[in-house]
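Worksheet: the structure to be examined is printed underneath.
No experiment lies behind these values; they were computed from the predicted model shown.
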Amino acid sequence: MAGSYTYNDANGDLQGVSTFKWYADDVVIPGATAIAYTLTPGELNKKIRFEVTPVALTGTLTGQAVKSAETLAVTP
């Protein structure tokens, strides 16, 4: 799976190194911290969400984390 988002900063600051999390049934998937994630058998039949926390290079560095809508339960 691949998450996607649009970075926007109210002051026009450039994006720094934003952070990512993946969730299965609203439980954080340990180690899933990249923009893309390959599901494991443990995530089957669970609803998946992607979260991004925007980080700016200057100004207010860390924005509010935003979660995607959850998927339908993942089936094989």
Side-chain angles (χ1 to χ4, degrees):
M1 299 188 87
S4 66
Y5 67 99
T6 301
Y7 176 82
N8 186 8
D9 185 275
N11 299 316
D13 297 319
L14 295 176
Q15 182 174 357
V17 181
S18 295
T19 61
F20 311 104
K21 290 182 185 176
W22 289 87
Y23 295 79
D25 284 347
D26 279 327
V27 175
V28 172
I29 301 171
T33 58
I35 197 165
Y37 178 69
T38 301
L39 297 174
T40 66
E43 281 99 49
L44 290 178
N45 300 311
K46 295 185 178 179
K47 296 175 182 177
I48 306 299
R49 295 181 97 167
F50 169 72
E51 178 184 281
V52 61
T53 301
V55 176
L57 282 176
T58 57
T60 302
L61 296 182
T62 305
Q64 285 190 331
V66 177
K67 285 184 185 177
S68 69
E70 63 186 12
T71 65
L72 298 174
V74 176
T75 57

Q.
Show me the pairs that pass side-chain hydrogen bond (donor to acceptor under 3.5 Å, both in side chains) and involve residues 10-33, at least two apart or across chains.
A. Y5-Q15, D13-T58, Q15-S18, Y23-E51, D26-R49
Q) Minimum heavy-atom separation for L39 to V74, with atom names? A) CD1-CG1, 3.7 Å
Q.
Quick test of your reading: applying ring pair (Phe, Tyr, Trp, His ring centres under 6.0 Å), list the pairs with at least one residue in residues 57-76, sequence neighbours left out, ordered by first then second residue.
A. none
**Q.** ILVMFWY network linking Y37 to V28, side-chain heavy atoms under 4.5 angstrom
**A.** no
Using residues 60-68 as the side-chain source, report each donor-acceptor pair under 3.5 Å to any protein atom, sequence neighbours left out, with the distance given to one decimal.
| unit_1 | atom_1 | unit_2 | atom_2 | d |
| --- | --- | --- | --- | --- |
| S68 | OG | F50 | N | 3.0 |
| S68 | OG | F50 | O | 3.4 |

Q: Please go through L14's hydrophobic cluster and name the other residues, only I, L, V, M, F, W, Y counting, with side-chain heavy atoms under 4.5 Å joining them.
A: L57
**Q.** Student check: side-chain heavy atoms of N45 and T75 closer than 4.5 Å
**A.** yes
**Q.** Shortest non-hydrogen contact between F20 and A34, atoms and distance
**A.** CB-O, 3.7 Å
Q) Tell me, which pairs form a salt bridge (charged side-chain N to carboxylate O under 4.0 Å, His left out) where one or both residues lie in residues 30-47, sequence neighbours left out? A) K47-E70
